[in-house]
Amino acid sequence: MHVRAACDGGPFLWREPVDELMAQRVAKAEEMRDSGVDPYPLRTIRTHTAAEVTALVEALPEGENEVAGVEVDAAGRVVAKRDMGKATFIDLQDGSGRIQVLLRQNAIENYESLRLIDLGDFVGVHGAPIRTRTGQPTIQSTEWTMLTKALHAPPEKFHGLADPEIRQRRRYLDLMANDETRRVFTVRSQVVAAIRRFLDARGFLEVETPILQESESGAAAKPFYTHFNAIDEQRVLRISLELHLKRLVIGGFERVYEIGRNFRNEGMSFKHNPEFTMLETYEAYTDYIGVAAMTEELVSSVAREVLGTTEIEFRGHHIDLAAPWRRVTFIDAMREYGGPDLEVFTTTDELRQELRRRGVDAPATAGYGKLCDEAMSHYIEPNLIQPTFLLDYPIELSPLAKRKPGNDRLVERFECFVAGFECGNAYTELNDPIEQRKRFEHQMLLKEAGDEEVEMVDEDFLFALEHGMPPTGGFGMGIDRLIMLLTGQDSIRDVILFPPMKSLKE
RNA sequence: GGGCCGCUAGCUCAAUUGGCAGAGCAGCUGACUCUUAAUCAGCCGGUUGAAGGUUCGAGUCCUUCGCGGCUCACCA
């Protein structure tokens with residue numbers, strides 16, 4: 001095959017066509033170049049999107065089939081081509097949708113060269129918006145131009161792209177072939193935008209805090225490590241946004257939020273991805289009850305705004321996200337769903353024995369909080385299908401939350417659950433620096449006792465806290481999980497554009 | 001990490017007990033000036049994920065490896 005040099009004198013990394021289909025498309029591009037037509041022109045004119053053309057035609061009165069005096073320039077990817085001999089229909093897909101184009105031999109000059117158009121190419125057309133005999137909005141084209149020659153065939157036009165590996169590894173193919181994938185990621189973007197509008201309207205300031213940190217903080221999780229060459233120090237990728245946002249509240253920003261990526265070097269599952277997007281908000285002069293009210297309002301109003309409804313289907317459940325959500329305490333829920341009575345089993349040993357008697361996994365290294373967590377996962381979590389705030393957690397589970405007045409064993413904390421999984425977490429934030437130091441020290445004791453998942457002490461944060469943080473309500477929500485709920489996707493990987501994949505080894 | 005399942009043409013899928021690797025879409029050639037999963041006729045297209053093994057014969061059975069999905073464990 002003849003291949004021209006990309007630029008004179010330089011090395012040319014020519015890729016041999018991988019198959020016959022690619023070779024044919026390369027040959028078509030060459031043929032265009034040989035006849036003086038660039039198959040990759042610099043720019044084009046677009047006056048109308050597919051949706052705009054469709055709207056023009058649909059606005060026509062009954063009986064009229066042409067938009068008088070209007071000609072449009074449209075552009076898009078060729079997703080179907082129906083050659084009728086002396087007339088050809090192509091379907092163009094652009095960001096707004098699809099529009100059919102009719103090209104007739106006696107209406108355009110380069111009709112014969114339509115054979116150079118393959119599925120997947122981008123082309124531009126000029127013509128009049130009409131309604132066909134079957135009523136289909138269509139551009140009756142008088143000119144067409146190649147905008148981009150595609151060298152590979154797109155996925156099958158009717159069945160789309162089904163192979164889950166290719167869908168994730170080459171998301172661009174998934175997006176071009178599957179409407180549902182485009183819908184999911186469009187909704188994702190709209191949800192995040194709606195969250196920002198909601199918080200901005202309430203006077204929250206969006207901020208950005210470091211991803212590369214000296215040590216992990218704000219949660220109990222294994223971090224990813226990296227090296228900071230310029231200062232020759234180790235860094236970890238953040239596992240939480242929490243402690244930096246609190247520093248900002250200490251500094252005087254009364255309402256802040258961040259939407260950002262967290263990284264936890266742990267397992268993957270339908271609801272866990274090593275890098276995931278978290279929303280955290282901190283609001284001075286409120287508490288976890290105030291945060292709960294904001295949470296149900298945020299989620300239900302975002303759903304209404306983006307989906308037009310608060311009712312969703314998820315994992316076989318019909319769920320209504322409308323506020324108010326149910327509120328139940330940790331201890332009451334444990335009783336309600338048949339778990340151990342935490343007011344009876346008040347020591348680590350007693351609770352461990354009771355859980356073992358019930359056949360629930362209760363490792364010897366687990367402290368009281370960890371055991372409560374086990375019991376919660378086993379008895380409570382699967383039952384919280386409709387949106388529910390689970391309130392007042394055991395103190396051992398929550399080293400950053402303020403004690404509940406009148407009860408030394410509990411803290412003011414909620415997690416919210418939908419469809420049996422957690423999607424939010426909030427505290428009345430602990431702002432007593434002496435108490436906070438004791439809580440960190442207790443975590444260190446747990447670590448020495450063998451619990452690997454503990455909150456690490458952060459001296460710099462403690463020093464900040466010693467300068468005074470006003471009473472504050474804080475909130476965190478996994479955005480990916482919210483998107484799963486709002487789009488009905490069963491796997492977190494289906495709401496992440498480029499989920500991590502193992503390398504393809506040769 | 002464990003268990004189960006999958007990997008066949010560019011894409012979507014077949015292939016009987018181990019017995020000639022097939023179809024649709026896409027592509028190529030031809031017919032057709034209102035089709036829309038266009039239709040009709042003909043044609044092209046394969047290292048069956050990889051490497052070994054058993055067998056007269058392997059897409060199919062065995063072993064190892066790779067990648068993916070589901071699930072369990074861990075975690076949020």
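In what follows, chains carry the letters A, B, and so on, assigned in the order in which the sequence lines appear, proteins first and then strands, with residues in each chain numbered from 1. Quick note: numbers below take in every heavy atom, side chains included, and nothing from hydrogens, waters or symmetry partners.
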Applying a 3.5 Å limit to both distances, which nucleotide forms a Watson-Crick or G-U wobble pair with [N]?
{"N": "B:C61", "result": "B:G53"}
{"N": "B:U47", "result": "none"}
{"N": "B:C4", "result": "B:G69"}
{"N": "B:G24", "result": "B:C11"}
{"N": "B:A31", "result": "B:U39"}

Any donor-acceptor pair under 3.5 Å linking the side-chain atoms of [Y] with those of [X]?
{"X": "A:Y257", "Y": "A:E206", "result": "yes"}
{"X": "A:E180", "Y": "A:Q489", "result": "yes"}
{"X": "A:Y282", "Y": "A:E280", "result": "yes"}
{"X": "A:T472", "Y": "A:E429", "result": "no"}

Just how far, in rounded Å, is [atom2] of [N] from [atom1] of [X]?
{"X": "A:D361", "N": "B:A73", "atom1": "CG", "atom2": "C1'", "answer": "9 Å"}
{"X": "A:D91", "N": "B:C25", "atom1": "CG", "atom2": "P", "answer": "17 Å"}
{"X": "A:L173", "N": "B:G68", "atom1": "CG", "atom2": "P", "answer": "17 Å"}
{"X": "A:E216", "N": "B:A76", "atom1": "CD", "atom2": "C1'", "answer": "16 Å"}
{"X": "A:E415", "N": "B:C75", "atom1": "CD", "atom2": "C1'", "answer": "13 Å"}
{"X": "A:M84", "N": "B:C40", "atom1": "CE", "atom2": "C1'", "answer": "12 Å"}
{"X": "A:E381", "N": "B:C75", "atom1": "CD", "atom2": "P", "answer": "12 Å"}

Hey, does [X] reach any base, or is it just sugar-phosphate, or nothing, if we go heavy atoms under 4.0 Å?
{"X": "A:E422", "answer": "sugar-phosphate"}
{"X": "A:R25", "answer": "nothing"}
{"X": "A:N106", "answer": "base"}
{"X": "A:A220", "answer": "sugar-phosphate"}
{"X": "A:N273", "answer": "base"}
{"X": "A:R493", "answer": "sugar-phosphate"}
{"X": "A:F421", "answer": "nothing"}
{"X": "A:M501", "answer": "sugar-phosphate"}
{"X": "A:K81", "answer": "nothing"}

Let's see if you can work this out: which of [options] has an atom nearest to the side-chain heavy atoms of [X]?
{"X": "A:R104", "options": "B:U33, B:G27, B:C74", "answer": "B:U33"}
{"X": "A:R264", "options": "B:A76, B:C34, B:G68", "answer": "B:A76"}
{"X": "A:Q168", "options": "B:G68, B:G27, B:U35", "answer": "B:G68"}
{"X": "A:E20", "options": "B:U71, B:C44, B:U35", "answer": "B:C44"}
{"X": "A:R133", "options": "B:U33, B:C34, B:U35", "answer": "B:C34"}
{"X": "A:P164", "options": "B:A76, B:G69, B:U33", "answer": "B:G69"}
{"X": "A:H272", "options": "B:C44, B:U35, B:C75", "answer": "B:C75"}

On a whole-Å scale, what distance lies between the [atom1] atoms belonging to [N] and [M]?
{"N": "B:G45", "M": "B:A23", "atom1": "C1'", "value": "13 Å"}
{"N": "B:U35", "M": "B:G18", "atom1": "P", "value": "50 Å"}
{"N": "B:C67", "M": "B:U8", "atom1": "C1'", "value": "16 Å"}
{"N": "B:U55", "M": "B:C62", "atom1": "C1'", "value": "12 Å"}
{"N": "B:A50", "M": "B:A58", "atom1": "C1'", "value": "16 Å"}
{"N": "B:A15", "M": "B:C20", "atom1": "C1'", "value": "12 Å"}
{"N": "B:U60", "M": "B:U48", "atom1": "C1'", "value": "10 Å"}
{"N": "B:C56", "M": "B:U47", "atom1": "P", "value": "28 Å"}

A:T138 or A:D83, whichever maps to the more 5' nucleotide of RNA chain B: A:T138
Given RNA chain B, 5'-ward residue of the pair A:D373 and A:D494, judged by closest heavy atom: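 Nearest nucleotide further toward 5': that of A:D494.
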Nearest-0.5 Å distance that lies between atom CZ in A:R413 and atom CG in A:L430: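 Interatomic distance, A:R413 CZ to A:L430 CG, rounded to 0.5 Å: 13.0 Å.
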Value rounded to 0.5 Å, distance of CD1 in A:I108 from OG in A:S141: 6.0 Å
Pair A:Y393 + A:F330: ring centers closer than 6.0 Å: yes
Pair A:Y288 and A:Y427, ring centroids less than 6.0 Å apart: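 That pair fails the under 6.0 Å test.
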Residues A:E258 and A:R238 bridged, charged N to O under 4.0 Å: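 So A:E258 pairs with A:R238 through a salt bridge.
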Check: A:T132 side chain, B:U35 base, donor-acceptor under 3.5 Å: yes
N/O donor-acceptor pair, side chain A:Q136 with base B:U35, under 3.5 angstrom: no
Nearest non-hydrogen partners of A:A50 and A:R98, listed with the distance: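 Looking at all heavy atoms of both residues, the shortest contact is CB-C, 3.7 Å.
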Shortest non-hydrogen contact from A:C416 toward A:W325: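 Smallest interatomic distance, heavy atoms only, reads CB-CZ3, 4.0 Å.
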Distances under 3.5 Å between protein N/O atoms and the N/O atoms of nucleotides 5-12 of chain B, please, pair by pair.
residue	atom	partner	partner atom	Å
B:C11	O2'	A:E156	N	3.0
B:C11	O2'	A:G160	O	3.3
B:U12	OP1	A:A162	N	3.0
B:U12	OP1	A:D163	N	2.9

Look at the side-chain N and O atoms of [X] and state whether any lies under 4.0 Å from the OP1 or OP2 oxygen of [N].
{"X": "A:K271", "N": "B:A76", "value": "no"}
{"X": "A:K370", "N": "B:C75", "value": "yes"}
{"X": "A:Q105", "N": "B:C32", "value": "no"}

